[in-house]
Number of protein chains: 2
Amino acid sequence: MVTRKKVALRAGVSVSVVSRAMNNSGYVEAEKKKRILAIAEELGYYPHPVAEALQKRRTKQILFFCKDLKNSFYIDMYRGMVEAAGKRDYMVVFNGSMDFEKIRNAMIDGIIMPNEGITQHYLDTVGRNYRLPVVSASYGNAEGFSRAVPRVEIDMVRVMELAVRALRENGHRRIALGMPYPFSSMDARRLSFCSLMKEVYGDRLKEYYIGVHREDMAGDSRILSFLEDERREDGMQLMEEDFFGKGELAARLFAERRLDATAVVAFNDEFALGMCKAFHSMGLRVPEDISIIGIDGSSARKYMDPLLTSVGLFPEKQGAKCADILLDMLEGKKVKYVSGSPVQLVKGASVRKIR
Amino acid sequence: MVTRKKVALRAGVSVSVVSRAMNNSGYVEAEKKKRILAIAEELGYYPHPVAEALQKRRTKQILFFCKDLKNSFYIDMYRGMVEAAGKRDYMVVFNGSMDFEKIRNAMIDGIIMPNEGITQHYLDTVGRNYRLPVVSASYGNAEGFSRAVPRVEIDMVRVMELAVRALRENGHRRIALGMPYPFSSMDARRLSFCSLMKEVYGDRLKEYYIGVHREDMAGDSRILSFLEDERREDGMQLMEEDFFGKGELAARLFAERRLDATAVVAFNDEFALGMCKAFHSMGLRVPEDISIIGIDGSSARKYMDPLLTSVGLFPEKQGAKCADILLDMLEGKKVKYVSGSPVQLVKGASVRKIR
DNA sequence: TTGAAAGCGCTAACAT
DNA sequence: ATGTTAGCGCTTTCAA
């Protein structure tokens, strides 16, 4: 292996001069520097990243603590942070397990958490006696945690408003909400939906909430796999959720209830795609018979026929911002406690104009 | 920061005893060991991964040198390797750029390459004076490179045979091939298709090859984005390809040619989904009017209506095998020069039985 | 402007 | 069974 020592020996100087030459810091005679650089080049010298990391106490790596690589939303977030971090010469690693202990064995300078739940859990456990900078993605459910953890928030209240407004502008009054959780969940989407629709529905509000969860699925042959989905450990989502499958079920529930809704807002695009496919198999056409709007603005939108209208969440931007904020923290800059990430309606053809 | 030194001080022993206690290697009195471990626990001591990496010259990280995180095939490969590596206490990092130089600044013990093209390019450039163990995924185009690089190969000849056989067993005789490359490309799929079909088609073979590429797209408004797609640098694919979009175009080309084919084998599932959507918009039904079979067995299959029949390539397995082989190399075991990764027909509903 | 030396946190050969 | 010591490859005072 070619080390600084070898280069120094060859150049007839000491390692510290070589060091200074490489980092161009401190004094070193111009001529000498050129010669040293030339020799380094010739010898094929590259600084040893591990040694540098040990000395500088900077690994130039941050961790995205997320297991769910099946979920395209998180993949996009990851892509965003990889790109942002790359620009600042950082790598983003990914451990692929939900084992907090592993964090402590990883060569990282900071952590990005994919959502509030995991952040909170982390803070309550390992985080208590392990201080590494953390940034969290967030979706309006971050009441609990301290400002020690800056977050990049997507305003789900606003998202739901955009979805409902898009439908109302097209004449829809009766709107259902398809969700993978029971009504009791405190998901910001549900909350926002309720406050937007309560004056329309009054007491019947709950009927328009299509929640796919255990109780609704008794007797369904898929119940087992869903039970798996719902298994959590320490309040943390461990399994990847099959939103598409849940969407299909939601469509069935919707049909069974014989609602007068002309449109449905889906939990996310996967869920919407599942609903659409199931509607189709039941002979319901989208958007002629029922309009659908998704949430995410994912690239999977295009698989749907008609193209899915959705509220874009731009997870890449959110991921990029998380990375940038984390790196700012590492550089000692002070950062905002909460920053927002933009959302915007992404038009498709799955919403019909009525009346 | 809690170091071994502190633990040693507190326990009234020397660092090396602590070291031995932690790694349970070498001698250390049972009682003492227990006490040391207790103290470490109490102090919240964790070994410093960077220091260990420097000393042992093992970073416990391997690199997946792949930029294209938009492609679900590579994501699945990545998931497979993350899981396999995780079991052996390794992390898989991802740099997100195609900059070979960055490899040299990364804390890694080895590299997994996503395909032969990139491997070859790497060997021809940085690899020449930088020796890190490499394993490559491969698809039957690895003539060139030496056995210094073991590969995990998916037998695309076999894949095409499975696809064609599945169609023939359902009575299809006239089969087209939809590809995102010109006929001249040496893709193993094309080669295999040709050798399987030449006796059926004779001179007309080329007509049944639907190659979406520049020449075919003159006048198409999408030409610009495709030109982008086709831009390569140093023989290496830099842009993410829009297989779905190419599939849509392929369906149009197919219709224009008025072929008598009853079925089409698509380059991959994305391509197949694109074809299906376009067929649908032209009033052609799948599989009533035309059967489609994809390649990949990706989870995106489910978005299609009807569910896409495909040849499963199980990229997760391929990725896992790449990781295992690479780690075997790092452990000094000797490994096979080429190993295979299984493929298998994955049934759907996009192939109709005819006659 | 240069070089010697200490040290980042850990391991392992060697002496005790 | 334990401690001393010499590194791993690099940076950074500090003295020359």
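Throughout, a chain's letter reflects where its sequence line sits, starting with A, and its residues are numbered from 1. Scope of the values below: all heavy atoms of this structure, side chains included, with no hydrogens, waters or symmetry mates.
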Discussion item. Testing the 3.5 Å rule here: is there a donor-acceptor pair between the side chains of A/S16 and A/S14?
Written reply: yes
Considering only distance and modelled atom types, tabulate donor-acceptor pairs under 3.5 Å from the side chains of residues 22-29 of chain A, sequence neighbours left out.
from  : atom 1 : to    : atom 2 : distance (Å)
A/N23 : ND2    : A/S19 : O      : 3.3

Fill in: Between D/dA1 (C1') and B/I36 (CD1): distance, integer Å
11 Å
Worksheet item: Is the distance between the ring centroids of B/F94 and A/F94 less than 6.0 Å?
Response: no
Practice prompt. For residues 325-340 of chain A, pull every pair meeting salt bridge (charged side-chain N to carboxylate O under 4.0 Å, His left out), keeping only residues two or more places apart or in separate chains.
Written response: A/R88-A/D328, A/R88-A/E331, A/D328-A/K333, A/E331-A/K333
Response to the item:
salt bridge (Lys or Arg N to Asp or Glu O under 4.0 Å) test vs A/E42 passes for just one of A/R35, A/R10, A/K6, namely A/R10
Item to complete: Give me the residues of residues 42-63 of chain A where at least one heavy atom lies under 4.0 Å from an atom of DNA chain C, by number, or none.
Response: A/L54, A/Q55, A/R57
Worksheet item: Residues in side-chain contact (heavy atoms from CB on, under 4.5 Å) with B/N105, at least two apart?
Response: A/Y46
Worksheet, complete the sentence: In whole angstroms, the gap separating P of C/dA12 from CZ of B/R4 amounts to 10 Å
Worksheet, complete the sentence: Taken to the nearest whole Å, NZ/B/K5 to P/C/dA6 is 13 Å
Worksheet entry | Side-chain (B/K33) to main-chain (B/R20) donor-acceptor, under 3.5 angstrom | no
Worksheet entry | Gap between atoms NZ and P, on B/K6 and C/dC10 respectively (whole Å) | 10 Å
Worksheet item: What residues form a ring pair (Phe, Tyr, Trp, His ring centres under 6.0 Å) with B/Y122, not counting sequence neighbours?
Response: B/F100
Could you list, one pair per line, each protein nitrogen or oxygen that sits under 3.5 Å from a nitrogen or oxygen of nucleotides 2-6 of chain D, together with the distance?
from  : atom 1 : to    : atom 2 : distance (Å)
D/dT2 : OP1    : B/E29 : OE1    : 3.3
D/dT2 : OP1    : B/K32 : NZ     : 2.6
D/dT2 : OP2    : B/E29 : N      : 2.7
D/dG3 : OP2    : B/S14 : N      : 2.9
D/dG3 : OP2    : B/S14 : OG     : 3.4
D/dG3 : N7     : B/S16 : OG     : 3.3
D/dG3 : N7     : B/R20 : NH2    : 3.0
D/dG3 : O6     : B/R20 : NH2    : 2.9
D/dT4 : O4     : B/S16 : OG     : 3.3

Worksheet entry | Nearest-Å distance for atom pair CG/P, residues A/L9 and D/dG9 | 14 Å
Worksheet item: Counting any heavy atom closer than 4.0 Å, what does B/T3 reach on the DNA or RNA strands: base, sugar-phosphate only, or nothing?
Response: sugar-phosphate
